[in-house]
Amino acid sequence: MIEVKNLVRTFQSGDRTIKPVNNVSFELAEGTLASIVGKSGSGKSTLLSLLGALDKPTSGDVVVNGVSLAGMPDGKLTEYRRRDIGFVFQQFNLIPNLTALDNVMLPMEFAGVRRSVRTKRAKELLEQVQLDVDRHDRRINRLSGGEQQRVAIARALANEPKLILADEPTGNLDEQTGGHIIELLSSLRREHNTTILVVTHDRSLANKTDRRFRLQQGRLTEETAPKQVQGMAPASPKAVAATAPVG
Amino acid sequence: MSVLARSVGNAFRNKIRTTAVVAVLAVAIGLALAMLVANQAVTAKVTELNASVGTTLTVNPAGGQGFEGGGEPLTAQEATTAAAVPNVTEVVGTKALRLRNATEAASQGAGGGGGFGGQATTTMTTSLTPAVDAGTLGNRNQETGTTGTQPARTFSLPITATGIGAEVDSTGKALDITDGSGLGDYTAASKSALLGTTLAEKNSLKVGSTFTINDQTFTVAGLFDAGTAFGNNAVYLTLPEAQTLAALPGELSTMIVTVNSMENVDAAKTALQTALGTDKADVTQGQRNLETAVSSLDSVKNISFMAFVAALGTAGLIILLIMVMLVRERRKEIGVLKAIGAPNRTIGLQFVLEALVLVTLGSAVGAAVASFASGSIATALIGSSTTTTAAPGNRGAAGGFPGGGPLGGATQLLTSVTASASPGVIAAGIAAVFGVAIIGALVPALLTARIRPIEVLRGE
């Protein structure tokens with residue numbers, strides 16, 4: 001269960017204050033596949049980075065399974081990211097001089113998993129995301145965009161996180177490959193009961209998720225009634241759109 | 001893949017850049033090591049010179065030196081006075097005797113001694129034949145007092161026998177005994193003697209052989225090599241024995257005074273002159289030129305040390321800038337590593353290991369450069385140093401006085417300095433470079449790792 005409480009993030013731009021995330025609150029039950037849509041610059045990626053502890057909120061809190069991230073020291077936040085979060089970046093953000101297998105093994109290495117165990121698991125994950133075996137030992141810069149995205153998803157799953165945060169996972173992919181990636185995320189949610197929050201421009205992708213949120217000028221609204229999926233929690237009534245104060 | 005393997009892989013990520021970095025590091029590290037080796041070599045040589053020959057003063061009777069001049073002889077009482085002067089650690093008295101071959105002395109008669117004056121010596125006969133022929137210089141020197149109309153006569157050179165109070169030569173330098181042993185107790189009369197190698201060879205003597213001085217038999221206890229033909233045509237006896245032979249107990253020809261450090265030599269010289277009186281004794285510093293040479297070597301030592309520090313600093317700066325550049329270039333990678341849960345220490349370790357891989361390669365190449373360059377650099381530094389200091393010494397030696405001998409030795413010592421790359425010195429230099437590399441890699445990596453991951457990722 002993820003609870004987001006009155007989350008605010010402000011930035012200074014010259015003498016103006018910008019609020020890409022303005023008093024956002026919502027809850028996501030375990031095993032939910034949710035999406036956030038919104039225009040470019042609406043604060044989607046900022047919200048995602050706050051949920052993933054890549055950034056710290058100006059105010060508000062994120063509570064994951066009863067544990068508050070606000071005020072958590074940097075070392076604990078790193079541990080949280082390592083243990084509970086899996087990131088899929090729009091630009092994949094894989095380590096270019098490592099092989100696909102090494103990239104997937106990296107989070108497990110940081111978690112102290114034995115080499116033999118992490119090698120076995122990394123191979124299983126790469127097979128699970130349907131990356132051909134002959135691509136496992138290829139360097140990242142010799143893989144196609146779709147293959148790199150699969151490796152990124154496999155890496156996000158490496159430490160069996162409770163929450164996967166995917167920032168435009170299909171943004172750099174063609175329609176067919178993007179569709180496959182969505183199928184992959186859905187199947188992962190079903191098989192591992194992982195909560196998945198996807199930020200996207202892609203309306204068709206958003207329509208395939210259990211819950212859809214729209215972020216507009218820093219305010220989050222849930223677009224339509226969520227599909228009835230087991231383990232899904234209703235959107236918070238506080239998640240009401242409002243004009244984000246600027247300046 | 002372990003952190004180490006990843007770091008090694010990263011170090012070779014861009015081969016051209018790695019080659020360039022290693023080459024630049026190798027030059028800086030090689031120069032630093034070469035300077036360190038040169039500094040060690042010069043330091044060792046300065047210490048050796050200071051310890052051996054840099055702190056002696058020679059006291060002669062006022063107005064006299066060796067077999068020349070006049071004045072009153074030095075006495076044991078004055079030796080006691082000299083020993084009481086501050087900073088004086090040792091006073092060694094000598095008594096010089098002039099020996100003439102008994103056969104030649106008999107054939108030349110009483111007139112034969114006309115050429116030899118000298119206030120402090122006593123001419124005696126010996127069974128020894130001098131190892132040096134008089135030649136033009138010897139005959140010219142001994143014609144003093146004769147008229148130009150008389151036909152030239154052929155002389156044989158005298159042999160100098162010196163009674164010594166310790167196992168040193170007449171300039172205070174330790175005797176280099178090449179065969180046999182020393183005379184044991186130099187403060188007691190003894191019928192043992194030390195012979196110069198060429199003198200012994202000329203007379204077919206070896207250790208255990210005997211010869212006579214004034215019809216008294218002496219046994220050769222050992223042979224010494226003074227390093228010069230003049231110095232090897234000599235005999236050393238114990239001081240009391242020489243005084244007994246001359247029937248002048250307590251009388252000294254010279255005193256060799258050792259001062260505790262080179263810094264105190266000037267002060268001790270002044271104090272000694274005052275204590276003995278300017279009308280009684282002349283105090284000279286035979287190694288003045290050597291002091292200048294040592295001082296010059298000290299400058300070289302300081303220069304080489306500064307060069308070492310500068311080169312090491314340069315190597316450190318290069319490593320620091322390279323690592324700052326690498327970290328800056330890979331900020332996004334650090335952000336990604338942080339995003340997927342890498343602790344700061346892992347990120348720091350990765351970059352430190354990467355820097356160490358580069359420095360190890362640079363050090364290996366640099367050590368090879370240093371092993372070739374250090375000898376040349378040390379020789380160049382010391383060579384340029386002695387060029388300026390050797391000139392006055394050579395002028396002194398050109399006069400033909402015995403005092404020129406030690407200067408030649410000093411020049412030899414200075415020019416023989418060679419830089420040897422000892423493992424300890426190399427290890428110390430490389431450890432210093434590694435230390436700089438660790439700090440140079442760790443600081444920028446940790447500074448970057450401390451930033452929130454999103455700031456790094458967003459910044460790209």
Side-chain angles (χ1 to χ4, degrees), chain A residues 9 11 20 45-57 74-99 101-112 115 118-119 122 137 139 141 152 155-159 161 165 167, chain B residues 1-19 21 325-355 357-358 442 445-460:
Chain A
R9 181 70 170 101
F11 293 104
S45 295
T46 303
L47 176 59
L48 213 60
S49 64
L50 291 170
L51 298 179
L54 295 179
D55 197 4
K56 287 188 174 177
D74 285 347
K76 289 285 181 188
L77 288 176
T78 302
E79 190 183 332
Y80 163 70
R81 288 194 296 269
R82 182 167 62 235
R83 190 189 59 212
D84 294 335
I85 301 290
F87 274 104
V88 181
F89 297 95
Q90 184 178 4
Q91 301 294 335
F92 318 134
N93 283 345
L94 297 164
I95 308 298
N97 67 321
L98 299 184
T99 64
L101 198 63
D102 287 332
N103 267 282
V104 178
M105 286 165 66
L106 215 46
M108 291 187 273
E109 181 191 320
F110 299 147
R115 184 181 178 80
R118 62 181 191 245
T119 305
D137 292 320
R139 287 192 175 189
N141 50 17
R155 185 181 67 179
L157 291 167
N159 286 333
L165 301 170
D167 189 359
Chain B
M1 180 174 273
S2 66
V3 178
L4 178 62
R6 203 160 54 245
S7 301
V8 173
N10 284 337
F12 293 99
R13 195 185 268 195
N14 183 331
K15 290 182 176 59
I16 294 174
R17 185 183 62 193
T18 301
T19 304
V21 166
M325 185 185 73
L326 284 178
V327 170
R328 179 78 197 166
E329 198 176 82
R330 305 229 301 271
R331 273 166 61 90
K332 184 177 177 182
E333 184 180 320
I334 292 175
V336 171
L337 292 174
K338 287 279 287 181
I340 62 175
N344 289 355
R345 65 174 181 277
T346 304
I347 293 169
L349 179 64
Q350 179 178 317
F351 280 90
V352 165
L353 290 175
E354 188 173 335
V357 169
L358 294 173
L442 203 54
L446 285 183
L447 283 176
T448 305
R450 285 165 64 97
I451 300 171
R452 291 176 197 169
I454 193 64
E455 290 179 29
V456 182
L457 293 171
R458 188 192 291 131
E460 297 296 320

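Since the structure is predicted, the reported quantities are computational estimates derived from the model, not experimental observations.
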Would B/Arg6 and A/Leu98 count as a side chain to side chain contact (heavy atoms under 4.5 Å, CB included) here? Give the steps.
CA-CA 8 Å; B/Arg6 203 160 54 245; A/Leu98 299 184; 3.8 Å; yes
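- Heavy-atom minimum distance, A/Arg82 versus B/Gly341: NH1-O, 2.7 Å.
- Here the CG atom belonging to A/Leu94 is positioned 11.0 Å from the CD atom belonging to B/Glu333, to the nearest 0.5 angstrom.
- To the nearest 0.5 angstrom, B/Ile340 atom CD1 is 5.0 Å from A/Phe110 atom CZ.
- Interface remark: A/Arg83 contributes no atoms to any contact with chain B (heavy atom separation under 4.5 Å).
- Note that CZ of B/Arg330 and CD1 of A/Ile95 are 8.5 Å apart. Values are rounded to the nearest 0.5 Å.
- By the 4.5 Å heavy-atom criterion applied to side chains, B/Val3 and A/Glu109 are counted as neighbours.
- For A/Phe89, the part lying near chain B is the side chain, with the backbone staying farther off; criterion is any non-hydrogen pair under 4.5 Å.
- When the candidates A/Gln91, A/Arg81, A/Arg155, A/Glu79 are compared by the number of heavy-atom contacts under 4.5 Å with chain B, A/Arg81 comes out ahead.
- Interface remark: B/Asn344 contributes no atoms to any contact with chain A (heavy atom separation under 4.5 Å).
- Residues A/Leu106 and B/Leu337 are in side-chain contact: their nearest non-hydrogen atoms beyond the backbone lie under 4.5 Å apart.
- Considering only heavy atoms from C-beta on, B/Arg452 stays 4.5 Å or farther from A/Leu54 through its side chain.
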Set out, in order, the CA-CA distance, both residues' side-chain angles and the distance that settles side chain to side chain contact (heavy atoms under 4.5 Å, CB included) for A/Thr46 and B/Ile454, then state yes or no.
CA-CA 9 Å; A/Thr46 303; B/Ile454 193 64; over 6 Å; no
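- The distance from atom CG of B/Leu457 to atom CG of A/Asn93, rounded to the nearest 0.5 Å, is 5.5 Å.
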